[in-house]
Amino acid sequence: MPISPAHSLLLSIVDDLAGPGWSQQSIFLPPALTAELAAECRARADAGELTPAAIGRGGRQLVQDSVRGDYTAWLEPGQCAPGDAWLALMDSLRQTLNRELFLGLEELECHFALYPPGAFYRRHFDRFRDDDSRTVTVVLYLNEDWQPDEGGELRLYLPGGRAHDMMPQGGSLACFMSASFPHEVLPATRERLSLTGWFRRRAGNPLEIL
């Protein structure tokens, strides 16, 4: 479902990234597509396709459930119709960010993430120390009728020692500059689903708004 790179919702994200560097969109994806993506995530989990998430990259990847406890599976083009619709929408956002902020974003890497009840992800950055290609983080939530007392917030650590919590309500979107904000996922009392992705640029390209 590509949309115009000049769509007001995408431009709102641009304004947020150019300002404080993060954006929270409480209504981003239609409920029907959100439900289809959630069903795809659960189907993959039932088929054993989601595996324990690791930290690090390459040959240094380790599974450490004391750091993170989610299960993930990469989303690739052509795997499923709702996934392709999501990737098309994200490509519209990529074009908008490049046009308005000159970020030089070339691709999106994206995976489903399932957090069992009680699972968490300790405070971290999304950019690796030896690879600066991850530039913008996007997180789409797939949880129906999430309640505030169920936990599972994305906690974004802001300048000045402040923190901002984002509830993982289905259809909402969190977006932020990957190198600028440490963050964590708080434990929840129920299963928590999301699609997490990173817009990547060619390593070594200068960033205009960092």
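Side-chain atoms are counted along with the backbone in the values below, which use heavy atoms only and exclude waters and symmetry mates.
Using a 4.0 Å cut-off between a side-chain N of Lys or Arg and a carboxylate O of Asp or Glu, E150 and R192 do not qualify as a salt bridge.
Among residues two or more places apart in sequence or in another chain, the ring pair (Phe, Tyr, Trp, His ring centres under 6.0 Å) test is passed with H164 by W22.
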Start with the C-alpha distance between S92 and L10, add both sets of side-chain angles, then the distance that settles side-chain contact (heavy atoms from CB on, under 4.5 Å), and finish with yes or no.
CA-CA 8 Å; S92 296; L10 303 186; 4.0 Å; yes

For side-chain contact (heavy atoms from CB on, under 4.5 Å), just list the numbers for L195 and F112, CA-CA rounded to whole Å, side-chain angles, deciding distance to a tenth of an Å, and then say yes or no.
CA-CA 5 Å; L195 261 174; F112 287 104; 3.7 Å; yes

Checking side-chain contact (heavy atoms from CB on, under 4.5 Å) for the pair L17/L103: CA distance, chi angles, key distance, verdict?
CA-CA 11 Å; L17 294 187; L103 292 181; 5.5 Å; no

E36 and T34: side-chain contact (heavy atoms from CB on, under 4.5 Å), yes or no, with the steps?
CA-CA 5 Å; E36 290 173 354; T34 302; over 6 Å; no

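Between G69 and A119, the closest heavy-atom pair is O-CB, 3.6 Å. Between Y141 and S194, the shortest heavy-atom contact is CD2-CB, 3.9 Å. Minimum heavy-atom separation, A188 to G151: CB-C, 4.1 Å. The shortest heavy-atom contact between L114 and E191 is CD1-OE2, 3.7 Å. The heavy-atom pair separating S26 from S172 by the smallest distance is O-CB, 3.5 Å. When all heavy atoms of T72 and A53 are compared, the closest pair comes out as CG2-CB, 3.9 Å.
F125 and Y121 sit in two unconnected hydrophobic clusters of ILVMFWY residues. Membership requires side-chain heavy atoms under 4.5 Å apart, directly or through other members. Under a hydrophobic-cluster definition in which Ile, Leu, Val, Met, Phe, Trp and Tyr are linked whenever side-chain heavy atoms come within less than 4.5 Å, directly or via other members, L29 and W146 are assigned to different clusters. Taken together through direct or relayed side-chain contacts under 4.5 Å among Ile, Leu, Val, Met, Phe, Trp and Tyr, W198 and F176 form parts of separate hydrophobic clusters. A chain of hydrophobic side-chain contacts below 4.5 Å, direct or via other Ile, Leu, Val, Met, Phe, Trp or Tyr residues, connects L37 to M90. Hydrophobic clustering, with ILVMFWY side chains joined whenever heavy atoms are under 4.5 angstrom apart, keeps Y157 apart from V139.
Judged by distance alone, the side chain of S178 and the main-chain N or O of T137 form a donor-acceptor pair under 3.5 Å. For Q169 (side chain) and D145 (main-chain N/O), a donor-acceptor pair under 3.5 Å exists by modelled atom type. Side chain of R123 to backbone of P182: no donor-acceptor contact under 3.5 angstrom is found.
Rounded to the nearest 0.5 angstrom, L93 CG and Q95 CD are separated by 10.0 Å. Atom CZ of R94 sits about 9.5 Å away from atom OG1 of T96, to the nearest 0.5 Å. Taking CG of L11 as the reference point, atom CD of E100 lies at 6.0 Å (rounded to 0.5 Å). Annotation: the span from H183 atom NE2 to L154 atom CG amounts to 6.0 Å, rounded to 0.5 Å. Rounded to the nearest 0.5 Å, atoms CG (D91) and CG (L105) are 10.5 Å apart. Atom CH2 of W86 and atom CG of L108 lie 8.0 Å apart (nearest 0.5 Å).
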Side-chain polar contacts of residues 74-83 - donor-acceptor pairs under 3.5 angstrom, sequence neighbours left out - could you list them?
{"residue": "Q79", "atom": "OE1", "partner": "R44", "partner atom": "NH1", "Å": "3.3"}
{"residue": "Q79", "atom": "OE1", "partner": "R44", "partner atom": "NH2", "Å": "2.8"}
{"residue": "Q79", "atom": "OE1", "partner": "E76", "partner atom": "N", "Å": "2.8"}

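Two residues are said to be in side-chain contact when any heavy atoms from C-beta on lie closer than 4.5 Å; T189 and P117 fail this criterion. The shortest side-chain heavy-atom distance between D70 and V185 does not fall under the 4.5 Å cut-off. Within the 4.5 Å cutoff, side-chain heavy atoms of M177 are placed close to those of V136. Using a 4.5 Å cut-off on side-chain heavy atoms (C-beta onward), C110 and F199 make no contact. Counting heavy atoms from C-beta on, the side chains of V14 and R99 never come closer than 4.5 Å. Contact annotation: the side chain of M167 approaches that of P148 to within less than 4.5 Å [non-hydrogen atoms, C-beta and beyond].
For E109, the CD atom is densely surrounded, since the number of other residues' heavy atoms within 6.0 Å is greater than 12. Within 6.0 Å of CZ in F28 there are more than 12 heavy atoms belonging to other residues, nucleotides or ligands.
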